[in-house]
Amino acid sequence: LVLLFLAYLISPGQADAPVLNPLIPSQTLLETQLKKTHPRLLVTPDDFAQVKKLIRENDLARRWYDKLRQEARKILGELPCRYQTKGSEGVILDTSRTVLRRVYLLAFLQRLEGGNRYAQRLWQELDAAARFPDWHPDHFLDTAEMTHAFAIAYDWLYDTWSPEQRAVLAQAIQDKGLKPGLAAYQGAEKFGWWVKSPYNWNQVCNSGLGLGALAVFEENPGLAAFCGVVSAVLSRVTKVPMESSRPGPLAPSFLLRPSVL
């Protein structure tokens with residue numbers, strides 16, 4: 001499992017189609033059974049301890065880890081992403097995916113090495129993105145990938161962030177990710193066409209929103225819509241067949257990752 005996790009950070013990879021038939025949780029189940037501590041998205045503290053042990057004992061894992069550290073050193077010297085649109089639709093998808101990549105990498109290394117350099121650089125990235133006017137919901141992939149990034153950053157480094165920093169992250173997830181997502185589910189916005197789409201936008205958008213909802217679930221328990229996000233995600237994302245992915249050698253991987261998430 002940990003070797004696969006390291007591989008995920010390094011390469012797109014390919015995989016066979018999964019069989020998806022999960023239990024759709026009720027609001028009561030989420031409120032009573034959701035793990036109360038962090039991290040709880042994708043990994044646990046024990047998983048990071050396993051990775052440390054694997055790096056010490058496995059030459060391949062150590063070489064992969066060295067490769068990740070080299071990439072991280074470059075990021076430490078780079079500026080945070082800006083709200084930079086591309087194309088006729090003014091998308092910020094490249095920006096969102098760059099932030100997502102940096103979150104996984106820097107948060108991963110922060111968990112393994114400690115100190116403060118990775119967390120400080122990651123906070124610069126997140127603080128800049130939290131100040132964006134929006135995460136461009138008109139092209140909802142942009143919003144979903146950024147919500148995914150903020151959810152992982154909030155969850156994996158929960159104890160690293162100050163209460164003020166956690167509040168910034170949670171507010172950005174809610175205002176720039178979950179609320180536009182709810183508007184899409186409710187049919188209130190034209191950009192919500194992907195909600196019932198049989199194509200890969202469904203998985204990418206729903207998985208990003210689902211991670212965001214689970215990350216900040218306790219921050220606003222009065223907003224039952226968070227439960228609605230999680231339930232809506234699971235009820236929709238499992239109905240999209242793997243065959244709906246775009247053609248090409250990376251298509252299974254492109255669809256598999258968000259489906260698993």
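In what follows, every heavy atom counts, from backbone to side chain, and hydrogens, waters and symmetry copies are set aside.
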Is it possible for you to say whether [X] and [Y] belong to one hydrophobic cluster, with membership spreading through side-chain heavy-atom contacts below 4.5 Å?
{"X": "W201", "Y": "V91", "result": "no"}
{"X": "L68", "Y": "V51", "result": "yes"}
{"X": "F48", "Y": "L211", "result": "yes"}
{"X": "Y118", "Y": "I75", "result": "yes"}
{"X": "L42", "Y": "L157", "result": "yes"}

- Message: Test side-chain contact (heavy atoms from CB on, under 4.5 Å) on D142 and W135; report intermediate values, then the result.
- Response: CA-CA 6 Å; D142 312 11; W135 291 343; 5.8 Å; no
For residues [X] and [Y], report the shortest heavy-atom separation together with the two atoms involved.
{"X": "F140", "Y": "G177", "result": "CZ-O, 4.2 Å"}
{"X": "I55", "Y": "R62", "result": "O-NH1, 3.0 Å"}
{"X": "L106", "Y": "A72", "result": "CD2-CB, 4.1 Å"}
{"X": "A149", "Y": "V103", "result": "O-CG1, 3.4 Å"}
{"X": "A184", "Y": "F191", "result": "CB-CE1, 4.0 Å"}
{"X": "T147", "Y": "G212", "result": "CG2-CA, 3.9 Å"}

Test item: [X] side-chain N/O and [Y] main-chain N/O as donor-acceptor pair under 3.5 Å:
{"X": "N202", "Y": "S197", "value": "yes"}
{"X": "H136", "Y": "G90", "value": "yes"}
{"X": "K176", "Y": "T143", "value": "no"}
{"X": "D155", "Y": "I152", "value": "no"}

Nearest 0.5 angstrom please: [X] [atom1] to [Y] [atom2], how far?
{"X": "L122", "Y": "Q165", "atom1": "CG", "atom2": "CD", "answer": "9.5 Å"}
{"X": "E145", "Y": "T98", "atom1": "CD", "atom2": "OG1", "answer": "10.5 Å"}
{"X": "D138", "Y": "E189", "atom1": "CG", "atom2": "CD", "answer": "8.0 Å"}
{"X": "L209", "Y": "L214", "atom1": "CG", "atom2": "CG", "answer": "11.0 Å"}
{"X": "R56", "Y": "K53", "atom1": "CZ", "atom2": "NZ", "answer": "7.5 Å"}
{"X": "C81", "Y": "Q124", "atom1": "SG", "atom2": "CD", "answer": "12.0 Å"}

Electrostatic pair [X]-[Y], nearest N-O below 4.0 angstrom:
{"X": "R69", "Y": "E113", "answer": "yes"}
{"X": "E78", "Y": "R102", "answer": "yes"}
{"X": "R101", "Y": "E71", "answer": "yes"}
{"X": "R63", "Y": "D66", "answer": "no"}

- State whether the number of non-hydrogen atoms from other residues, nucleotides or ligands found under 6.0 Å of K36 atom NZ is greater than 12.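 Atom NZ in K36 is crowded, with more than 12 foreign heavy atoms closer than 6.0 Å.
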- For K35, does the NZ atom have more than 12 heavy-atom neighbours from other residues, nucleotides or ligands under 6.0 Å away?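 Yes, because the 6.0 Å sphere around NZ of K35 holds more than 12 heavy atoms from other groups.
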Do [X] and [Y] make a side-chain contact, defined as non-hydrogen atoms from C-beta onward lying under 4.5 Å apart?
{"X": "L178", "Y": "V216", "value": "yes"}
{"X": "R121", "Y": "P80", "value": "yes"}
{"X": "E219", "Y": "Q171", "value": "no"}
{"X": "H148", "Y": "Y104", "value": "yes"}
{"X": "C205", "Y": "L141", "value": "yes"}
{"X": "M146", "Y": "L100", "value": "no"}
{"X": "R117", "Y": "L76", "value": "yes"}
{"X": "P45", "Y": "R111", "value": "yes"}

- Side-chain H-bond candidate by donor/acceptor type, N206 with Y185, under 3.5 Å: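 Side chains of N206 and Y185: pair found under 3.5 Å.
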- Task: Evaluate the criterion salt bridge (charged side-chain N to carboxylate O under 4.0 Å, His left out) for residue pair E218 and R40; output intermediate values, then yes/no.
- Result: CA-CA 13 Å; E218 301 90 349; R40 64 188 180 206; 2.6 Å; yes
- In terms of the angle between their ring planes, are F132 and Y83 parallel, tilted or perpendicular, with boundaries placed at 30° and 60°?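 The arrangement is perpendicular - the two ring planes meet at more than 60°.
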- Start with the C-alpha gap between H38 and D159, add the side-chain angles, then the distance that decides, and say whether side-chain contact (heavy atoms from CB on, under 4.5 Å) holds. CA-CA 8 Å; H38 300 268; D159 293 329; 6.0 Å; no
- Query: Which one of W161, W156, Y154 satisfies the ring-ring contact (aromatic ring centres under 6.0 Å, His included) criterion with Y158?
  - Reply: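 Of W161, W156, Y154, ring-ring contact (aromatic ring centres under 6.0 Å, His included) with Y158 is met by Y154 alone.
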- Message: Set out, in order, the CA-CA distance, both residues' side-chain angles and the distance that settles side-chain contact (heavy atoms from CB on, under 4.5 Å) for V204 and W194, then state yes or no.
- Response: CA-CA 10 Å; V204 176; W194 50 268; over 6 Å; no
- Hey, mind stepping through W64 and N58 against side-chain contact (heavy atoms from CB on, under 4.5 Å) and telling me if it holds? CA-CA 10 Å; W64 281 352; N58 184 285; over 6 Å; no
